[in-house]
Each structure stands twice: as structure tokens, then as C-alpha cells.
*Asks:* 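Would you mind keeping the following structure in view while I ask a few things?
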Amino acid sequence: MQQNTDTDIQLRELDAMCVNESRLQHKWYHNLKYLAIGILFGIVFVKSEVVSWFRIQEMFRLQSFHMYGIIGSAVVVGMISVFLIKKFNIKTIYGEPIKFSPKTFNKGQIYGGLIFGFGWAMTGACPGPLFAQIGTGATVVAVTLLSAIAGTWVYGKFRDKLPH
Amino acid sequence: MLEFLKQPWPWYIAGPLIGLTVPALLIIGNKSFGISSSLRHICASCMPANIPFFKYDWKKEVWNLFFVFGIFLGGAIAINLLSNPNPIEVNPKLATELAGYGITNFNNLVPEDIINWQSLFTLKGFLLMVVGGFLVGFGTRYAGGCTSGHAIMGLSNLQLPSLIATICFMVGGFIMANLILPFILSL
């Protein structure tokens, strides 16, 4: 069983973003805390207009500092947080040590990055804002989200044929 | 207070709050901030189709689905309870450019003139919503993350691959917005 879990983690580590570091088993309602963080996050997204198609267009035309300020300050706060967590060996609320998974370079970050950039400027949304936009009542964005899910599926299907 | 919250929030409030999501998720459960993986978990849960990339225990990642459902709810709460009654203020240059494509409605976060159910069945709408969405899903997974996973979480952890990915996101966006999108919007 342990063997299975390890290959499972290895497979998902190829993708870096998918590793569940916690080994603890929790009841489903423990997930409600992620729901709560998601709600706060969604409110910030909408109120700061990060999910606005117009703000994304301004960003890619260098017509506004707004998005650069948001991403830049988010990264700075994130960096300081990660630094402090490592420095003081801060544990999770369950007392587990916090783990970070380093990312390995592959060409997918270049090809995939450019492809995502095209889609970002067209839809005016990265994956998070898609969920928030639907929440604001732009129901047609559900089609964009379904299409994004289809894109992810097609990538998974042809993954071994693509250059990495 | 409520009046204050209804205003659009400035970058120096919103950015740090978004950045705080990184330690919040780590501390409450050792989770690396990332949103595009939710699309993969949806594939894995709904149509794995025996594809190795989708054959993993997605139930272990269900927190991510709770998180994105929260983002959806947060969007609904913000628009219903904290809605800003004024149209979105855009750079006058952008407003002029967009008016040339018939985009004059700045009342919503998405431009209703081009992103609506009717235009879904036009070439322009199909390209913007269906093709655009496909590129978002395909590209983020190919890159191994999106703005949250690479640009925020990855850069916070000083990962060079994430910096490369973030630069490519921006380059792709600049090319699309300045060189290709004008043709699509003119359709």
C-alpha cells in the first residue's frame, strides 16, 4: 500500500502542483476551512477587480499599475511568509512540519506558459478568476471553464507526445 | 465601513491579502497554493478514461475543489453584498480602443458586449470563450501551474522554473493582447 502511495506521489510530483503533503487523514468537514479561505479569496478577487477582463487588458498593454502592484505585493508577502515558515520551522495547526516541493524545470513551462498567456489575454481570466466570474453572475463563463477542463483533459491525453 | 468595502480595493490591500493565502494554506493543512490543479482533479474524478495522468487518488486533493468552490461563492457574495454601483474605471486609452470594437459597457467585470450567451455562437465569441478557455486549461497544465501555483506560490518559494513560467505567461499575454486580439475583436 505504501508502495502505491509513493508511485502515486511521484506521478503527481511531475506536475509539482498536485502533491498533497499532509499524510494525516481527516474527516470531510476539515475541508470547510479551505472553503472559507476560498470565499475570502474570491471576495478579494472581485473587489480588487483582478477578475476583470478590462484590468487584464490594461496589464498587457502597460496601461495600469494595478495588476502589477497586486501580483508584485502578493509575491513579496508570500516570499516573506515562506522565509519565516522555514526560518522558524513553523508547523501546521496539526503539528506537522510544513513541506515545500521544489519544481524541476522542463520545456513545458515555456510552451505551456506561452499557451496559457494567450488564453489569459483572450478570456481575461486565469483559472481562479474563472470560478469567481461565474459567481458574479457571468454564467456564460461556465462554458469557458468547461473548455478549460477539456483543455486540461486533452493535455493529459497527449502528454507523452508533447515535448517536455 | 460597508461603504468603504464597496469601493474597488486598491492593489496594496488586495495584493498582500492574496499573498497571505500562501502561509494560510500551508499552516492550516500543508497545502501548496495552486488553482489550476482543480481542473485536473475534475478530470480525474469525472472522466479519467484510463489516462495515466488522471489515475491518482483525487479524493486526497478534494481540499482544492472546496477551495475553488469557495472562490465561486466569494464572487457571488462580493457582487451581491459589496457591489460597487459604478462602472469599472478603465484607462481612457483602453476605453477608446475598445469602443472601436463596439465594447462600451463597462458595468460588469466581464465585457457584456462580447462575452454573453448570444455571442458564444459567433466566431468572435467562440474564439474568446471556447478557444481561450481551452488554451487556459491546456497551457496551465502543460506549464505545471498557473498564476497562483507558479507566479505566487512558486516565486514565493524562489523557484527558478516558476520564474521562467511566469515570464512566459506574460510574454504570451503581451503577444495575444497587442498583436492577435485586435484581429479577433474586429471580427
Side-chain angles (χ1 to χ4, degrees), chain A residues 8 16-18 20-22 31 34-35 38-39 42-44 46-48 52-54 60 63 66 69-70 73-75 77-79 81-82 92 98 103 105 108-109 112-123 126-128 131-132 135-136 138 140 144 147-149 151-153 155-156, chain B residues 9 11 14-19 22-23 26 30 34-37 39 43 51 53 60 63 66-68 70-76 78-79 90-91 109-110 117 129-130 132-147 149 155-156 159 161 164-165 168-169 172-173 176-177:
Chain A
D8 191 38
M17 279 290 79
C18 249
N20 182 353
E21 288 88 354
S22 178
N31 286 308
Y34 303 108
L35 183 82
I39 291 174
I43 293 174
V44 175
V46 169
K47 289 313 298 175
S48 61
S52 164
W53 187 90
F54 300 104
F60 288 133
Q63 290 169 332
H66 187 74
I70 288 187
S73 57
V75 170
V77 169
M79 271 179 189
S81 310
V82 170
T92 68
I98 291 177
K103 293 178 206 293
F105 174 74
Q109 281 136 12
L114 290 171
I115 293 170
F116 164 51
F118 293 156
W120 191 7
M122 287 167 86
T123 60
C126 31
F131 292 98
T136 67
V140 71
T144 310
S147 198
I149 294 169
T152 300
W153 192 88
Y155 168 73
Chain B
W9 297 359
W11 65 265
L17 286 174
I18 292 173
V22 170
L26 286 169
N30 238 341
I35 294 176
S36 61
S37 341
L39 305 174
C43 290
I51 297 168
F53 192 62
K60 280 188 194 159
W63 74 273
F66 275 82
F67 182 59
V68 295
I71 296 176
F72 161 81
L73 290 180
I79 215 73
V90 303
N91 186 304
L109 293 163
V110 296
W117 284 100
M129 290 177 264
V130 179
F134 187 91
L135 295 179
V136 168
F138 186 91
T140 50
R141 203 69 278 121
Y142 197 172
C146 61
T147 333
L155 290 185
S156 294
Q159 297 295 304
I164 296 169
C168 292
F169 299 163
M176 174 55 69

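Numbered from 1 within each chain, the chains take letters A, B, ... in sequence-line order. Keep in mind that what you see is a predicted model, and the values were worked out from it rather than measured.
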*Asks:* Between Val46(A) and Trp9(B), is the side chain to side chain contact (heavy atoms under 4.5 Å, CB included) condition met? List the steps.
*Replies:* CA-CA 9 Å; Val46(A) 169; Trp9(B) 297 359; over 6 Å; no
*Asks:* Could you tell me which non-hydrogen atom of Leu135(B) sits nearest to which non-hydrogen atom of Ile115(A), and how far apart they are?
*Replies:* O-CG2, 3.6 Å
*Asks:* Given the options Met79(A), Gln109(A), Lys47(A), which has more heavy-atom pairs under 4.5 Å with chain B than any of the others?
*Replies:* Lys47(A)
*Asks:* If you count heavy-atom pairs under 4.5 Å between each of Ser156(B), Gly139(B), Ala76(B) and chain A, which one has the most?
*Replies:* Ser156(B)
*Asks:* Say whether, by atom type as modelled, one donor and one acceptor occur between the side chain of Thr152(A) and the main chain of Gly137(B) under 3.5 angstrom.
*Replies:* yes
*Asks:* Do side-chain atoms of Asn31(A) reach the backbone of Phe66(B) as a donor and acceptor pair under 3.5 angstrom?
*Replies:* no
*Asks:* Just so I understand: if I count every heavy-atom pair under 4.5 Å between each of Ala78(B), Ala165(B), Pro161(B) and chain A, which residue has the most?
*Replies:* Pro161(B)
*Asks:* Keeping the roles fixed (side chain from Ser147(A), backbone from Val130(B)), state whether a donor-acceptor pair exists under 3.5 Å.
*Replies:* yes
*Asks:* For a side-chain contact (heavy atoms from CB on, under 4.5 Å) with Leu17(B), tell me which candidate from Val77(A), Ile70(A), Val44(A) qualifies.
*Replies:* Val44(A)
*Asks:* What option among Leu26(B), Val110(B), Val22(B), Ile164(B) has the most heavy-atom pairs under 4.5 Å with chain A?
*Replies:* Leu26(B)
*Asks:* When heavy-atom pairs shorter than 4.5 Å are enumerated against chain A, which of Pro16(B), Ala177(B), Gly19(B), Gly173(B) gives the highest number?
*Replies:* Gly173(B)
*Asks:* Specify which of Phe54(A), Trp120(A), Phe105(A) makes the most heavy-atom pairs with chain B at under 4.5 Å.
*Replies:* Phe54(A)
*Asks:* Quick check on the interface: out of Ser52(A), Ala132(A), Gly128(A), who has the most heavy-atom pairs with chain B under 4.5 Å?
*Replies:* Ser52(A)
*Asks:* Side chains of Leu114(A) and Phe169(B): does their closest heavy-atom pair fall under 4.5 Å?
*Replies:* no
*Asks:* List the atom of Tyr155(A), the atom of Arg141(B), and the distance in Å for their closest heavy-atom pair.
*Replies:* CD2-CG, 3.4 Å
*Asks:* Run the side chain to side chain contact (heavy atoms under 4.5 Å, CB included) check on Phe134(B) and Thr144(A) step by step: do they pass?
*Replies:* CA-CA 7 Å; Phe134(B) 187 91; Thr144(A) 310; over 6 Å; no
*Asks:* How close do Pro127(A) and Ser36(B) get, counting heavy atoms only, and between which atoms?
*Replies:* CG-CB, 3.7 Å
*Asks:* Show the numbers, then the answer: is there a side chain to side chain contact (heavy atoms under 4.5 Å, CB included) between Val136(B) and Phe116(A)?
*Replies:* CA-CA 5 Å; Val136(B) 168; Phe116(A) 164 51; 4.0 Å; yes
*Asks:* Please report the interatomic distance CD1(Ile39(A)) to CG(Leu73(B)), rounded to the nearest 0.5 Å.
*Replies:* 5.0 Å
*Asks:* Any idea which of Cys43(B), Pro23(B), Gly75(B) has the most non-hydrogen atom pairs under 4.5 angstrom with chain A?
*Replies:* Gly75(B)
*Asks:* Which atom pair, heavy atoms only, marks the closest approach of Gln159(B) to Lys103(A)?
*Replies:* OE1-N, 2.8 Å
*Asks:* Report which part of Leu39(B) has an atom under 4.5 Å of a heavy atom belonging to chain A: side chain, backbone, both, or neither.
*Replies:* both
*Asks:* I need the residue from Ser48(A), Gly69(A), Gly113(A), Ser81(A) with the largest number of non-hydrogen atom pairs under 4.5 Å to chain B.
*Replies:* Gly113(A)
